[in-house]
Amino acid sequence: MKHFEFIKDLLEKRNIKHSFHKVSSLSIDEIVKSLGIKYSEGLSTLIFRYGGDKYVGILRRDDKNIDSKKLKKYLGTSRVSFASDEELKSIGFEPGLASPLVLDLLQGENKINKILIDESFFEMNKVICGSTSSELALEIKRTDLEKLIPIFERVDIMVPNERRQNVLNDTRKKRILTGDRPTGKLHIGHLFGSLMNRVKFQEEYETFILIANIHALSDNRDNPEKVKQSIGELLCDYYASGLDFDKSTVYIQSEVPETHEIFMYLSNFVSVQQLMHNPTLKTEIKQNNMEDSTPLGFFIYPTHQAADILCVNADLVPVGKDQAPMVEDCREIARKFNNTYKKEVFGQPKAHFGVPKNVPGIDGNAKMGKSLNNGIYLSDSEEELKKKIMSVYTDPNRIHATDKGTVEGNVAFTYHDLFNSNKEEVADLKARYEAGKVGDVEVKEKLFAAMNEVLTPIREKRREAEGKKAELVEKAVEGSKKVSKIARGIADEMKEAMKIEF
Ligand code: TRP
């Protein structure tokens with residue numbers, strides 16, 4: 001405890017940026033897993049006894065092992081061994097609770113004779129190391145840590161730890177980032193287009209779901225109330241569709257201001273002309289009648305979206321096909337940044353389009369949307385659903401039940417294909433429809449039954465969510481803090497690369 005206070009004081013007095021992370025175990029494997037870091041970001045403080053009664057403190061990057069031959073050679077003695085618990089206590093360490101930041105203190109007190117730092121340490125950026133508290137790991141920048149250990153010997157005594165290096169790429173679960181603009185409730189098009197996929201992904205990936213309220217404001221600037229309300233609606237829709245807020249990190253764009261900082265740094269790697277030619281942006285500017293006066297905030301949103309993605313260094317970005325140019329831009333920007341500063345800050349996020357499902361509106365329009373007033377919402381009551389299904393667009397040329405009908409482009413059958421798990425029933429209805437042997441009413445009643453079966457549990461979960469909206473908002477705020485921390489790390493790496501560190 002005495003040492004922990006010393007460390008806290010030291011960092012505060014010297015005004016050194018750092019953070020403490022809660023850990024529930026001192027095992028390196030556990031810490032790496034729970035903090036989502038790489039072994040190469042972990043640093044252990046090891047104490048050896050040598051040459052009889054001398055002690056040496058060694059800093060070891062956790063993807064490395066000490067080569068004992070090299071160590072012995074360096075120390076000029078064959079008598080080198082790990083300090084025992086008794087020995088550790090005799091020099092003031094609780095066994096298992098060392099920290100690089102007390103080495104200097106112990107050296108000053110003549111309790112240890114040498115501090116050795118391996119070459120590999122000097123390639124580190126962020127360092128996660130011991131804090132002498134069993135519950136907290138310390139995160140600090142390598143360059144800062146280096147300054148706090150003034151007297152050490154720089155050595156080359158490590159070999160790779162094969163096991164850890166082999167899992168290097170696996171230690172961090174692959175990350176997914178995707179999101180929605182909060183402009184309204186979600187409908188069954190979203191359910192098949194993205195929500196179902198996200199629920200599947202959250203088991204396998206570290207999932208981040210972004211509520212892009214800053215983007216929503218860029219074309220709804222005079223309607224902040226709508227954007228705010230829609231955040232609540234989105235949270236309920238997420239919950240209803242099976243997103244687990246403990247597995248997926250749901251967060252709010254405006255609560256991660258590092259996004260804006262990262263956007264600014266990235267903006268040097270995309271040209272105005274490139275944005276002007278972005279096909280999705282072009283279409284949206286036209287749809288919004290913004291051709292003569294495009295708000296800058298709207299114009300730059302594709303690059304801001306690249307910042308969203310790179311904030312967590314996402315590996316996979318599940319989006320609709322319309323977002324392909326955004327992800328493509330993002331990859332290019334990330335590449336250019338890395339190449340310019342000769343530093344692998346970013347990976348190459350990949351777009352994931354899934355299997356596109358065609359979910360037309362109830363009026364037959366190919367797209368479902370609020371402005372078209374043709375949607376079936378996850379929040380719709382059973383009565384609303386029934387009403388909408390009974391009015392669904394079928395075959396306009398079929399007047400009587402005995403007329404031969406067309407299944408192709410018939411929304412009732414498109415929905416049957418999506419929702420009705422009784423494939424025989426669907427095949428039978430289609431055959432009779434084409435032969436003029438079934439009325440629209442039967443087709444629609446069976447459709448309602450099938451859809452209601454799928455949508456009832458969702459509707460019920462949504463009602464439950466509405467009762468605890470405040471809790472869900474709280475979760476999203478918590479999620480934002482987590483993302484903010486990750487993004488801070490990325491922004492700092494960018495700053496270091498760009499030499500804007502002071
Ligand atoms: N532009 C996306 C949309 O309209 C929403 C979004 C914002 C997003 N930032 C993102 C999607 C980052 C994926 C990744 O749907």
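Note that the structure is a prediction, hence the values are computed from the model and not measured. Any value given below was found using the heavy atoms of this structure, including those in side chains, with hydrogens, waters and symmetry copies removed. Atoms within a ligand are numbered from 1 in the order they appear, just like the ligands themselves.
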Nearest non-hydrogen atom to atom 5 (C) of ligand 1 belongs to which of P349, G179, C330?
G179
Which atoms of ligand 1 sit under 4.0 Å from any heavy atom of A212?
7 (C)
Separation of I128 CD1 from L35 CG (nearest 0.5 Å)
6.0 Å
Do ligand 1 and R181 have nitrogen or oxygen atoms that lie under 3.5 Å from each other?
no
Using a cut-off of 6.0 Å, state whether more than 12 heavy atoms not belonging to M498 lie near its atom CE.
yes
Considering only protein heavy atoms, which is closest to atom 13 (C) of ligand 1, and at what distance to one decimal place?
V319 CG1, 3.6 Å
For the student: nearest non-hydrogen atoms of R61 and L43, plus distance:
N-CD1, 3.8 Å
Of all the non-hydrogen atoms in the protein, which one sits nearest to atom 9 (N) of ligand 1, and at what distance?
D308 OD2, 2.8 Å
Within the 4.0 Å heavy-atom shell around T178, which atoms of ligand 1 are there?
13 (C)
Taking atom 14 (C) of ligand 1 as the reference point, the nearest protein heavy atom with its distance:
L177 CD2, 3.5 Å
Kindly compute the distance separating CE (M264) from CD1 (I262), expressed to the nearest 0.5 Å.
13.5 Å
Give me the nearest non-hydrogen protein atom to atom 2 (C) of ligand 1 as residue plus atom name, then the distance to 0.1 Å.
Q323 OE1, 3.4 Å
Specify whether H304 and H215 have parallel, tilted or perpendicular ring planes, treating 30° as the upper limit for parallel and 60° as the lower limit for perpendicular.
perpendicular
Check each of Q253, H215, H190, Q305 against atom 1 (N) of ligand 1 and report the one with the nearest heavy atom.
Q305
Find out whether the Lys NZ or Arg CZ of K475 is both under 6.0 angstrom from the six-membered ring centre of F245 and within 45° of the ring's axis.
no
Output for pair (T259 OG1, I214 CD1), nearest 0.5 Å, gives 8.5 Å
Using a strict cut-off of 4.0 Å, indicate which atoms of ligand 1 neighbour a heavy atom of L210.
7 (C), 9 (N), 10 (C), 12 (C)
